[in-house]
Amino acid sequence: MDEKYFAQKIEDKWQTKWRETGAFEADVDDTKPKFYALEMLPYPSGNLHMGHVRNYSIGDALAWYKRLKGFNVLHPIGWDSFGQPAEDAAIKRGANPRDWTEANIQHMTGQLQRLGLSYDWSRQMAAHRPDYYKFDQWFFIKMYEMGLAYKKKTQVNWCETDKAVLSNEQASGGLCWRCGNPVTKRDLEQWFLKTTNYADQLLDDMAEIETGWAEKVLKRQRDWIGRSEGAFVDFEVQSPKSKVRSSDSSDRIKVFTTRIDTIYGANAIVVAAEHPIVEANYEHFSDETKVIIENIKADKLKVTDHDAEIEKEGVDTGLEAVNPFSGEELPIWVGNYVMIEYGTGAVMSVPAHDERDFEFARKYHLPIRQVISEPHLAHEHHQMQTMSLEQAFTDYGVLVHSDNWNGKTSDDAKKAMTEYAVKHGFGEGATTYRLRDWGISRQRFWGAPIPVVYCEKCGIVPEKYENLPIELPQNMVLSDDIAGTSPLAKDENFVNTVCPNCGEPAKRETDTMDTFVDSCWYYFRYTDPQNGDLPFDPKVAEYWTPVDQYIGGDDHAVMHLIYTRFWTKVMRDIGLVKFNEPVKRLLTQGMVVGETFFDMIPNPEEPESAGKRQYFPPSSVTVERDAKGKIISAKSADGIVLKSAIERMSKSKGNGVDPDEMVEIYGADASRLFVLFAAPAENELVWNESGIEGTTRFLQRVWRFVHKWQAKLSEPSAVVDGLNSTNSNANENPPATTGGSDSRKLRQKTHQSIKRVTENFESLQFNTPVAALMELSNALYDFKGEPETASDADVFAIREAVESLILMLAPFAPHAAEELYSVLVGNENGMLANRARFPEFSAELAKSDEIEIPVQINGKLRSRLIASPEASNDELQKMALEDEKVREWTNGKEIVKVVVVPKRLVNIVVKG
RNA sequence: GCCGGCGUGGUCUAAAUGGCAAAGACGCGAGUCUUAGAAACUCGUUAAUGUGAGUUCAAAUCUCACCGCCGGUACCA
């Protein structure tokens, strides 16, 4: 053992050893409980960033902990290696996306290995390799056969900057999720997966994972699915000219409402500009009306500014519809606030009870009629025909001005009126969803080709399973002149094929799949990565899955995590898995952020907007701070006054920390230890370099202590049984009564620390156990004694503390722990080969001999008692009342009551 | 706007079930070592629950209002 701790040296040594012995390779073993620890797979951009380091440090700590706890741990890693940056690199630099991707994977694999992460590398997968995407295609065909994959012409979200189609999730907020630029709409033929078929399951099965997932993630998924219960109601349309009611069903407008109880307050029907009724009657509209309708349509293609509220616009079409409840004729308007995508694209406008309708009615002076009243005012409202409302009354209440329905509560009326509508054939109960089907077509090269063939005779034909994978061409020249068609369309060899059905010449689909398809099932592939016939063997997967702990950023709360839950349900229906939910517990780690400095560069094309941010690397910025460290001012090298913010770390913003550099300076162990120690895993981590030196110092302290006691620690006589036993539990220890009080105290601290660290791991806290280990290490230094003169009991206590400390350190700083452990056991086989186990605490030893009980008078601390841990409440109360200091406060006063919290506190309530 | 979450020393943070507000680290100060600085080591570090009310014997913890920050979301009928 070196006298000093050289991180580089021992890290290289153990990484090599682990690799050579396959220390972390896992196999099915029915004799052990399994644990599947999974972190979200990285995109091989070329470089690891601190967010990765945090994510993987958490996962690795947990994997180590579970291994030492005797679990058979699966801890794999792979690559989300399809997607745009590879293609962009190909266009920009003429690189081959495959070579670019493979090179990045190689480089990042090196980075991961330098961090010493305990992955089973033999199970690695990469989405862009044909042996993997073969099964993306396999799943697609399965879904096609099940009627879950279909093709439809739709308006899709289109990002002009990325030249890519985006799913609804990816275009959330009208901005591209990748580049942040506005999204426009285009008409394209697209492949969809019927996620909506599973909407109810996606919602209801959340009950199974409620305890293991953060509520905020489930809430976002719930909102995203957006189930809404209400009713469809048909309004018959009348032409203003004929005024003759048509019995033709096409002349009905179906609206969706959640508040059928307010239907007597309807003053109009408002439809989206794209509604069929508008198209059908378009020629009858005045020019003025047509202009307004066209303007509304055009505005919808524009960017939706995030903060600005859009002014309501509309026009009366002159058409009328009949309220089936009241028989009243209502004007049909086109309104910009009605969306064709949601519900039926038509609403009944009830301004008194809906904020949007209220605003609309105000603007166009439409009548506002209150039909729901607060229960205690219902009688008064009965007298009044109209109310001058300040704002819409959207609560439930009691119906008024609603014929026979008056006096019913909203709840009752909703049920009864829906039934009435069903009975008379003009309506039905209905549930709508915000969730749409998942559009997976991408007009890009670098993705899994959709395995479908177009045949003149047979139409759309899925490829045969035995023809999979449909491989991407090897040397495709990619260029920038794409405009909504896939680059693959230009490759005749790829496009021209024969129909799998009739054998005649046919053409291939040239769209590729959204990369979120790849990440839907990758962690099932890890269980059986070489399988050539199936995505994975259901039997093998049954052993390992579902995932016990998944760790990743909460930015994937609605995309990846909804898609993969959907995919699992499909796999269940195919018979590949037997459960509904793939992930039992989910930990969403906070972002790693840092200070950024930027100047706003105005955009000449949009002088109104604030412009674009131009970032300056922090090293080039002169910063002035106040006493609390808050930034007062910042200037660039040329004296420009800059703005500052705290943002997610990224290269382009200049606030990134390079993990390689950090590992080189401080070592992997100290780096990992620090990321976990600096903040709770779920919190945002504001990067602050200075703290890391503390963790280095801690490792050095532990190292120094072991070095000093080395000779004593490796003497076999020091411990009853060697460290090679599976457990160093308290049973084989000498009785607690032997040895001096110092060694007794140290043993107590050791067992208390084990208890704390174990509990912390079980509750997924990673910062607090590090603090506990630091305390234990401090306790060792507080222990007065020298190796030369220490008694057997002292040595025993020290050995127990050191051994526990080292084993508990393994999840955080595995290299240092391995090296120190090898000193203790006298061999270099490593902890796992030595069957080392996480220490177990003895409640007996962890218990204090005496406890300090604070005594309060009227809630204020006045004295302290020293008592035995076994002292009863009565004893504590008696001691407290007899205490001298307490008597000073209680003398001459009436004792109203004494509260005793067992083993913790006594509070005496006095009066006078 | 709406919906969540958070607010503890100079900083990051810790405190099952309401029960002694600070355990750990950073920073800072002094010292040892050193030609000096850095590193390392040793010792020290007066100071805090955003504001206001309420519930309670007892509130960082529960309730309400306000202030501030962060995240989500955007006319979903």
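In this text, all values refer to a predicted model and were calculated from it rather than measured experimentally. Sequence lines set the chain letters: A, B, ... in the order given, protein chains first and strands last, and positions in each chain run from 1.
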Between Phe812(A) and Phe761(A), ring centroids under 6.0 Å: yes

rA23(B) phosphate, OP1 or OP2, under 4.0 Å from Arg756(A) side-chain N/O: no

C1'-based separation of rC26(B) from rU13(B) [nearest Å]: 10 Å

Distance, rounded to the nearest Å, where Leu676(A) contributes CG and rA25(B) contributes P: 17 Å

Short side-chain N/O contact from Asn767(A) to OP1 or OP2 of rA14(B), under 4.0 Å: yes

rC57(B) OP1/OP2 closer than 4.0 Å to side-chain N/O of Lys897(A): yes

Nearest-Å distance for atom pair CH2/C1', residues Trp687(A) and rC26(B): 13 Å

Distance, rounded to the nearest Å, where Glu693(A) contributes CD and rG27(B) contributes C1': 11 Å

Among rA25(B), rU13(B), rA77(B), the one nearest Pro680(A) by side-chain distance: rU13(B)

Side-chain N,O (Asn683(A)) to OP1/OP2 (rC6(B)) below 4.0 Å: no

Sugar-phosphate, base or nothing in reach of Glu215(A), heavy atoms under 4.0 Å: nothing

Value in whole Å for how far the P atom of rG27(B) lies from CD1 of Ile692(A): 12 Å

Arg704(A) side chain near rC41(B) phosphate (N/O to OP1/OP2, under 4.0 Å): yes

Nearest-nucleotide pick for Gln700(A), side chain only, options being rU73(B), rA25(B), rA40(B): rA40(B)

Tyr337(A) six-ring face occupied by Lys312(A) cation (under 6.0 Å, within 45°): yes

Asn267(A) (side chain) donor-acceptor with Leu366(A) (main chain) under 3.5 angstrom: no

